[in-house]
2 protein chains.
Amino acid sequence: MRNIKLVIEYDGKDFNGWQKQPNKLNIQGEIERAIKEITKEDDIELNASGRTDAGVHALGQVANFKTNSSMPVEKFPIAINNKVKKSIVIKSAEEMPERFHSRYNCKRKTYRYIINNSEYGSAIYRNQECHIPQKLDVSSMKQAIKYFEGEHDFKGFKASGTSSKNSVRKIFKTSIEVYDDRIYIELTGSGFLYNMVRIISGTLVDVGLGKIKPNDIPEIILSGDRQKAGKTLPPQGLYLLKVEY
Amino acid sequence: MRNIKLVIEYDGKDFNGWQKQPNKLNIQGEIERAIKEITKEDDIELNASGRTDAGVHALGQVANFKTNSSMPVEKFPIAINNKVKKSIVIKSAEEMPERFHSRYNCKRKTYRYIINNSEYGSAIYRNQECHIPQKLDVSSMKQAIKYFEGEHDFKGFKASGTSSKNSVRKIFKTSIEVYDDRIYIELTGSGFLYNMVRIISGTLVDVGLGKIKPNDIPEIILSGDRQKAGKTLPPQGLYLLKVEY
């Protein structure tokens with residue numbers, strides 16, 4: 001069977017997240033439906049690099065599916081785009097070896113979190129960022145984020161109640177950039193726990209507000225205590241930027 | 001009476017344009033309603049620097065209203081923002097001399113038109129830009145836009161059927177910038193005719209496609225013939241950026 005890898009952009013606002021669920025609009029189900037129509041195969045299964053929650057956006061989600069269709073690979077984006085809601089865009093399609101799996105073979109993921117730090121926020125981009133009206137001290141945030149780099153047990157930075165046997169993850173690269181009133185937080189890692197980027201971003205906001213000192217971060221990570229980290233920021237500021245293999 | 005000037009951002013997608021119309025959601029009506037509730041004055045009238053069409057965005061629309069309210073001017077943004085839809089944000093309020101009028105006193109306006117020139121367009125920003133999949137030659141567009149600078153009769157660059165006694169306008173400044181797959185067209189002028197920015201942008205797209213040569217522009221302007229200019233691009237790519245007095 002052929003194995004097709006898709007790179008996908010979506011507007012998280014319009015969906016109840018990536019994962020297929022009955023009676024709820026979801027990205028996986030929407031794209032699978034389109035592929036089934038195109039290939040006339042009933043058993044299409046689309047595996048993503050990972051789920052994203054309701055409201056979370058992707059500029060470069062990766063997912064793959066197996067098919068016997070003989071359609072040229074470069075035709076898949078336009079064929080799928082013609083059949084899905086406009087809030088999903090397939091950006092490219094590529095033929096992969098049969099054993100390629102979007103989730104298991106993923107080496108690095110990059111997420112961005114966008115904060116609008118102006119007094120009243122934005123009307124146009126309100127579903128594409130998180131508004132924090134209190135002035136944030138970005139230079140402290142830039143110091144703090146460096147402590148997240150490297151391999152750590154991020155037990156304190158996952159949604160409480162979620163089980164995951166192993167909460168050790170490696171963060172390869174971090175950055176914070178400012179564009180006028182906006183703060184872009186970016187994290188590249190081996191993988192991320194449930195809500196981990198939103199909790200790290202919330203912790204960085206506490207640093208920006210002066211509630212947490214940059215050099216408190218190592219102790220907070222070591223404690224493994226969800227209570228010591230910051231709040232989970234809302235989904236609309238989060239973007240899955242890139243998945244690397 | 002006090003005269004209050006507001007700077008306003010709005011998401012054009014959610015409204016049938018700026019202008020008040022019965023039974024249609026519009027920006028003017030929505031803000032006037034909020035101001036009436038706040039001031040308890042029934043005869044509030046909000047005058048903008050100009051109307052914008054359904055779908056057109058503003059990052060810096062200016063409008064003013066007269067009131068006898070004694071509320072401190074700096075309280076107006078938050079008070080209004082609390083009462084209007086989230087797709088409108090008052091960014092600032094300022095007290096002006098009684099004779100100030102947002103439309104009559106306007107000296108310069110700046111508009112931006114955003115084109116997404118990638119193959120499949122964007123899912124997330126689909127209501128915030130115009131998608132043109134054919135590769136545009138930006139260097140030709142940069143040559144062409146310069147011909148619009150200066151004082152010209154823009155008769156051929158207004159929606160056909162609209163009357164305006166005087167179609168002479170002065171364009172002070174133009175620019176085209178490229179950010180990855182996006183092309184930002186900006187025009188600063190003394191004022192703009194109905195649909196003028198969208199028609200100029202459509203003409204520049206024809207230049208980018210090679211249908212019009214950059215040095216054909218002076219002749220097209222001189223002809224005053226709407227048929228010789230390009231198409232009117234759709235509203236969602238257009239932003240009223242700034243109004244100066």
Side-chain angles (χ1 to χ4, degrees), chain A residues 6-15 27 30-31 52 55-61 74-93 112 114 116 118-129 131 133 179-182 234-241, chain B residues 6-15 27 30-31 52 55-61 74-93 112 114 116 118-129 131 133 179-182 234-241:
Chain A
L6 304 175
V7 177
I8 311 165
E9 175 178 336
Y10 48 80
D11 181 345
K13 178 177 71 65
D14 295 357
F15 299 97
I27 301 140
E30 177 73 4
I31 303 176
T52 53
V56 174
H57 312 291
L59 281 161
Q61 171 68 287
E74 68 276 12
K75 302 280 184 204
F76 275 103
I78 193 104
I80 301 172
N81 290 339
N82 281 337
K83 287 182 183 292
V84 292
K85 291 185 180 291
K86 300 243 172 290
S87 37
I88 295 176
V89 170
I90 310 297
K91 296 167 93 171
S92 66
R112 176 185 289 160
I114 304 181
N116 180 317
S118 69
E119 195 168 1
Y120 302 116
S122 168
I124 301 174
Y125 305 104
R126 68 195 182 284
N127 295 310
Q128 296 160 6
E129 58 191 21
H131 177 222
Y179 303 96
D180 298 319
D181 282 330
R182 291 186 170 83
Q236 76 271 11
L238 186 62
Y239 295 73
L240 174 53
L241 276 198
Chain B
L6 304 175
V7 178
I8 310 166
E9 175 179 336
Y10 48 80
D11 183 344
K13 178 178 68 68
D14 295 358
F15 299 97
I27 300 141
E30 176 73 4
I31 303 176
T52 53
V56 174
H57 311 291
L59 282 160
Q61 171 67 287
E74 68 276 11
K75 302 279 184 207
F76 275 102
I78 194 106
I80 300 172
N81 289 340
N82 281 337
K83 287 183 184 291
V84 292
K85 289 185 180 296
K86 301 242 172 291
S87 36
I88 296 175
V89 169
I90 309 297
K91 296 168 91 171
S92 66
R112 175 184 292 160
I114 304 181
N116 181 318
S118 69
E119 195 168 0
Y120 303 115
S122 168
I124 301 174
Y125 306 103
R126 68 196 180 284
N127 296 309
Q128 296 160 5
E129 58 192 20
H131 176 222
Y179 303 96
D180 300 318
D181 282 331
R182 291 184 171 82
Q236 76 271 9
L238 186 61
Y239 296 72
L240 173 54
L241 277 197

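Note on naming: letters A, B, ... go to the chains in the order of the sequence lines (proteins, then strands), and numbering restarts at 1 for each one. Bear in mind the structure is a predicted one, so any value in this text is a computation, not a measurement.
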J.: Would you call B:Ser122 and A:Glu9 a side-chain contact if the rule is heavy atoms closer than 4.5 Å?
T.: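 Contact flag for B:Ser122/A:Glu9 side chains = yes.
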J.: Contact between A:Val56 and A:Leu240 at the side-chain level, heavy atoms closer than 4.5 Å - yes or no?
T.: no
J.: Identify which part of B:Lys91 has an atom lying under 4.5 Å from any heavy atom of chain A, answering side chain, backbone, both or neither.
T.: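 Answer is backbone: N, CA, C or O of B:Lys91 sit under 4.5 Å from chain A.
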J.: Of the backbone (N, CA, C, O) and the side chain (C-beta and beyond), which part of A:Ile90 lies under 4.5 Å from a heavy atom of chain B, both, or neither?
T.: backbone
J.: Given heavy-atom pairs under 4.5 angstrom as the criterion, report whether the side chain, backbone, both or neither of A:Asn127 touches chain B.
T.: neither
J.: Only pairs of heavy atoms separated by less than 4.5 Å count here; which of A:Lys85, A:Lys86, A:His57 has the most with chain B?
T.: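 Answer, by heavy-atom pair count under 4.5 Å with chain B: A:Lys86.
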J.: Under 4.5 Å heavy-atom distance to chain A, tell me which part of B:Glu119 shows up: side chain, backbone, both or neither.
T.: neither
J.: Please tell me if the side chains of A:Tyr125 and A:Ile114 come closer than 4.5 Å, counting only heavy atoms from C-beta onward.
T.: no
J.: Would you say the side-chain atoms of A:Tyr239 pair up with the backbone N or O of A:Gln128, donor to acceptor, closer than 3.5 Å?
T.: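 Pair found, side chain donor or acceptor close to backbone of A:Gln128.
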J.: Using side chain to side chain contact (heavy atoms under 4.5 Å, CB included), reason through A:Leu59 and B:Ile124 one step at a time and then give a plain yes or no.
T.: CA-CA 8 Å; A:Leu59 281 161; B:Ile124 301 174; 4.0 Å; yes
J.: What part of A:Ser118 lies closer than 4.5 angstrom to a heavy atom of chain B: side chain, backbone, both or neither?
T.: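 Nothing of A:Ser118, per the 4.5 Å heavy-atom cut-off to chain B.
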